[in-house]
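Numbers here are sequence positions counted from 1. Atoms within a ligand are numbered from 1 in the order they appear, just like the ligands themselves.
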Amino acid sequence: MHSVIDMKWAVLATWKMSENGNRIASEILSENGKASEAVLQGISDVEDNPNFHSVGFGGRPDINCRVILDGGYMDGDTLHFGAVGAIEGFRSPIHIAYSLKEGDANNFLVGKGAEEYAEKHGFEKRDNLTKEMVALYEQEKEKRKQLSAYDGHDTVCFLAKDTYNSICAGTSTSGLFMKEKGRLGDTPVVGNGFYADSKTGAAAATGMGEEIMKGCLSYGAVMYMKMGMSAQESAERVLWELHNELVERNGYANPMSLIVLDKDGNFGVSTNIEFTFTYASDQHPGETYIAKPVEGRTVITKATEE
Ligand code: GLY
């Protein structure tokens, strides 16, 4: 699974919820479409599905029962990135983030400013709060103290390499369930939630944003690849280094998972919880995998083998 091969195209995405998006992205890439298009379409598929409660439509609400979204995009050819944080009432944060990557300033917009930008540029609006999530909010509000900090952290991240050897990264999330007004996690923060460099590879993170940002996981993984490590070695090194530091200093580490794609399309994955992901390339049919932490390293199996 970790042999190093030069793929024509490859796509790697977080969580089982990316299965259909990964199929869409694979089709685009196999027909010589661009990595950017594969990432946008793959993520949009998840943003539009109300059955996934951590992204877009049907996402879990914040402390005021509002669905507040974050998203980020990075182009590995130019290193340009775009991102939106704490945005409400729009269909696709990834598309808005993507549009912000042009130019050398104003690439990361949050809150009202991001919403005004999206409105001005004609991005589709949508009320992302579903009846199901209002009911969940009402039910959980009473027992908020018992909620696990991980609830609602399943960010969708896509990394893609196309047949032109361009690599890019995209992310989208509704963030932490019952998060405070104004809270941002790692998802829209370049270097933390995502990073892409077509000369080296890309990485993206899911899990507790506050934890991921303590180690700049995505940039760290790409740096380790730049230093010569494989995608898998880089993923393991950066995540477990941070995990171990946090355990040593605080006695625990919150959930973190990392996906890494090298410039040739080989993947690496690391996690300190059970984590699912999807991967496809011109040489590997689309597959869902389960990653588990075992004694300070990550064991990966095909979901069909479980
Ligand atoms: N990783 C998503 C968040 O913490 O908001």
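Remark: ligand 1 atoms within the under-4.0 Å shell around heavy atoms of T155 are 1 (N), 2 (C). Every atom of ligand 1 is numbered from 1 in the order shown, and the set under 4.0 Å from a heavy atom of G175 is 5 (O). Under a 4.0 Å criterion applied to the non-hydrogen atoms of T187, ligand 1 contributes the atoms 1 (N), 2 (C). Numbered from 1 in the order shown, with element, the atoms of ligand 1 that lie under 4.0 Å from a heavy atom of D186 read 1 (N), 2 (C), 3 (C), 4 (O).
When all heavy atoms of S198 and N165 are compared, the pair lying nearest together is CB-O, 3.7 Å. For D70 against K179, the heavy-atom pair with the smallest separation is OD2-NZ, 4.2 Å.
Salt bridge present: K16 and E19 bring a charged side-chain N and a carboxylate O closer than 4.0 Å.
Hydrophobic clustering, defined by side-chain heavy atoms of Ile, Leu, Val, Met, Phe, Trp and Tyr closer than 4.5 Å, groups I28 together with I24.
Looking at G209 next to ligand 1, an N or O pair under 3.5 Å apart turns up. The distance criterion of under 3.5 Å between nitrogen or oxygen atoms is met by G207 with respect to ligand 1. Backbone and side-chain nitrogen or oxygen atoms of R183 are examined, and one is located within less than 3.5 angstrom of a nitrogen or oxygen of ligand 1.
Applying the ring-ring contact (aromatic ring centres under 6.0 Å, His included) test to every pair with at least one member in residues 87-112, sequence neighbours left out, gives these pairs: Y73-Y98.
No close placement of the F52 and F57 rings is indicated, their centers lying 6.0 Å or farther apart.
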